[in-house]
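Chain letters run A, B, ... following the sequence lines, proteins first and then strands; every chain starts at 1. For the numbers below, each heavy atom of this structure counts, side chains included, while hydrogens, waters and symmetry mates do not.
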Protein chains: 2
Amino acid sequence: MRERLSGEERRRQIVETAVDLFSRKGFRGTTTREIAEAAGISEAMIFKHFATKRELYSAIIEVKSETEQLLASAAKAARGTHDAEVLRAVGLKMLEQTERDPSLMRLLLFSALEGHELSEIFFESRVRRLHEFLSSYIRKGVEEGRFRPVDSLIVARGFIGMVVHYLLIHEVFGVKRPPRASPEEVVELFVSIFLKGIQR
Amino acid sequence: MRERLSGEERRRQIVETAVDLFSRKGFRGTTTREIAEAAGISEAMIFKHFATKRELYSAIIEVKSETEQLLASAAKAARGTHDAEVLRAVGLKMLEQTERDPSLMRLLLFSALEGHELSEIFFESRVRRLHEFLSSYIRKGVEEGRFRPVDSLIVARGFIGMVVHYLLIHEVFGVKRPPRASPEEVVELFVSIFLKGIQR
DNA sequence: AAGGAGAAAGTAAGTCCTCACATACTTAAC
DNA sequence: GTTAAGTATGTGAGGACTTACTTTCTCCTT
């Protein structure tokens, strides 16, 4: 036996372990036995904390839906002076966060593809809000005459798409990153293309 | 009993049925029993044609890796006069194909996430070749002075990313398409942003 | 301060069901 | 009548979840 944890601590540890496994192998691809083993406990312990495997998965989605870091730092940057700064902040944060820990992105994709019931909530909290933030930022720019008239939501998703696709290629499809391209340079490139592209 | 098919026909029919199921529910999420039912045959029939479920999945990937439509039409457009035409052709083809039948995109994502052994081959044949085509087109444009000096591969993936992300949002995450945006307009918007963005 | 009752954390060893796959057989085609 | 297409019915492994039990902590009583 390893160590005895309090109910709450053990619960958190199970969730953490499960995040890792579910994000790498999906809901169906992960067995409760695996989770128990990776957490160093017996399977029964998992079912003391979560009635079903599905409930554990839902708990994960709920936990992962909470954090607000990205949006917060984007909003902060939005008070900055230049458009480039805002986009750079959003893009860099997405890159850095996902490269440090790709589990969120993989969970989002898995839960949508596998059709999990909470997938929508997950999407709303982690994705849509970012889209709407950027979209309204761009709409303002259009109104103020800095950008040409464009559909702000589609265009916002276009920018985010460049970054997400870059991450998809490297984190999901496993393409090796060329050493010449640092995150900063990549984001800078996307930002410059995008801004030139929507300016009057 | 429905109808008796020749070996070859039955095999094709099984593959078709399985494409539909695997693309909607993934490899692990689909049972051989389901496939048999959907195809209107007994499970044993599947195993007459494919030794294992995995072998059936691999057969699907191989079949789906073959078609060349997108690249062909892109290459044709590349002989055209304007850069916008080339990008428009690529973007529109991607949109139209995926909207008509999202199974390819979903299979690509599923196989990469689930870590299927043939996922790489799949990616090479369907994705990488398109990236390389566009990348070399852009590199030429840079050399001829039409575009400013940029990393052509990263930039090509940026453009494709706008389109792929748009599809991801609507086909995988199930966001409803706003009726105001026709495929043509969306692609046109992405093309114009991108071209203005990389022009000198 | 000791000690013991009760609660909370933990486990071993099932149960039952579903799944991939196998075997032995039947029906239809040329 | 042989061969190819097809089925009904296993089977064994593995998966989610249970049950009955043990160990360890906590804290109240004397």
Side-chain angles (χ1 to χ4, degrees), chain A residues 1-61 107 110-111 113-118, chain B residues 1-61 107 110-111 113-118:
Chain A
M1 202 180 321
R2 304 293 272 278
E3 54 179 334
R4 200 182 156 97
L5 298 185
S6 78
E8 211 182 326
E9 282 173 317
R10 181 62 78 196
R11 193 188 152 96
R12 252 208 312 280
Q13 187 229 0
I14 292 172
V15 167
E16 261 172 51
T17 310
V19 162
D20 178 55
L21 287 166
F22 282 141
S23 74
R24 284 192 289 118
K25 319 175 55 166
F27 179 75
R28 312 227 191 206
T30 304
T31 69
T32 51
R33 194 164 172 277
E34 272 177 308
I35 298 170
E37 228 163 76
I41 55 176
S42 70
E43 252 183 291
M45 219 36 227
I46 292 176
F47 291 99
K48 281 263 160 75
H49 287 280
F50 306 93
T52 63
K53 184 185 169 190
R54 222 171 178 78
E55 200 177 298
L56 168 57
Y57 196 68
S58 297
I60 283 175
I61 291 188
L107 276 177
F110 258 128
S111 71
L113 284 169
E114 288 180 328
H116 191 279
E117 41 189 333
L118 290 190
Chain B
M1 199 179 321
R2 303 295 272 277
E3 55 179 333
R4 202 180 155 97
L5 298 184
S6 77
E8 211 182 327
E9 282 172 319
R10 182 61 78 196
R11 192 188 153 99
R12 252 209 312 281
Q13 187 228 2
I14 292 172
V15 167
E16 261 172 52
T17 310
V19 163
D20 178 56
L21 286 166
F22 282 141
S23 75
R24 283 193 290 119
K25 319 175 53 164
F27 180 74
R28 311 227 193 207
T30 304
T31 70
T32 51
R33 194 165 171 277
E34 273 177 306
I35 297 170
E37 228 163 76
I41 52 174
S42 70
E43 251 184 292
M45 217 42 224
I46 292 175
F47 291 99
K48 283 262 161 74
H49 287 280
F50 306 93
T52 64
K53 184 185 170 190
R54 215 160 189 86
E55 199 178 299
L56 167 57
Y57 196 68
S58 297
I60 284 174
I61 291 188
L107 276 176
F110 257 129
S111 71
L113 283 169
E114 288 181 327
H116 191 281
E117 41 190 331
L118 291 190

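Rounded to whole Å, the distance from CE on A:M45 to P on D:dA16 is 18 Å. Whole-Å rounding puts the B:H49 NE2 to D:dA5 C1' distance at 8 Å. Between the CZ atom of A:R4 and the P atom of C:dA7 there is a distance of 14 Å, given to the nearest Å. What separates CZ of B:F47 from P of C:dC19 is a distance of 12 Å, to the nearest Å. Between A:L56 atom CG and D:dC17 atom C1' there is a gap of 13 Å when expressed in whole angstrom units. B:F50 has its CZ atom 15 Å from the C1' atom of C:dA20, to the nearest Å. When rounded to the nearest whole Å, the span between CD1 of B:I46 and C1' of D:dG6 equals 13 Å. Here the C1' atom of nucleotide C:dA9 and the CD atom of A:E3 are 13 Å apart, to the nearest Å.
For the atom pair A:E114 CD and B:K25 NZ, the distance stands at 11.5 Å (nearest 0.5 Å). Taking CZ of A:R10 as the reference point, atom CD of A:E3 lies at 6.5 Å (rounded to 0.5 Å).
Nearest nucleotide to the side chain of B:I41, out of D:dT7, D:dT23, D:dA4: D:dT7. Of all nucleotides listed (D:dA16, C:dT23, C:dT11), C:dT23 comes nearest to the side chain of B:A44.
No donor-acceptor contact under 3.5 Å links the side chain of A:K53 to the base of D:dG15.
Using a 4.0 Å heavy-atom distance criterion, A:L5 is classed as a sugar-phosphate-only contact.
The residue among B:T52 and B:K48 whose nearest nucleotide of DNA chain C lies closer to the 5′ end is B:T52.
The existence of a salt bridge linking A:E16 and A:R12 is excluded, since no basic side-chain nitrogen approaches an acidic carboxylate oxygen closer than 4.0 Å.
Judged as a side chain to side chain donor-acceptor pair (under 3.5 Å), and not counting sequence neighbours, B:E55 has no contacts.
Heavy-atom contacts from other residues, nucleotides or ligands closer than 6.0 Å to CZ of A:R54 number more than 12.
Residues of residues 7-37 of chain B having a heavy atom closer than 4.0 Å to DNA chain D, listed by number: B:G7, B:R10.
Checked by atom type and distance alone, the side chain of A:K53 never pairs as donor or acceptor with a backbone atom of A:F47 at under 3.5 Å.
Between B:H116 and B:F27, the ring planes lie perpendicular to each other; the angle is over 60°, past the 30° to 60° tilted range.
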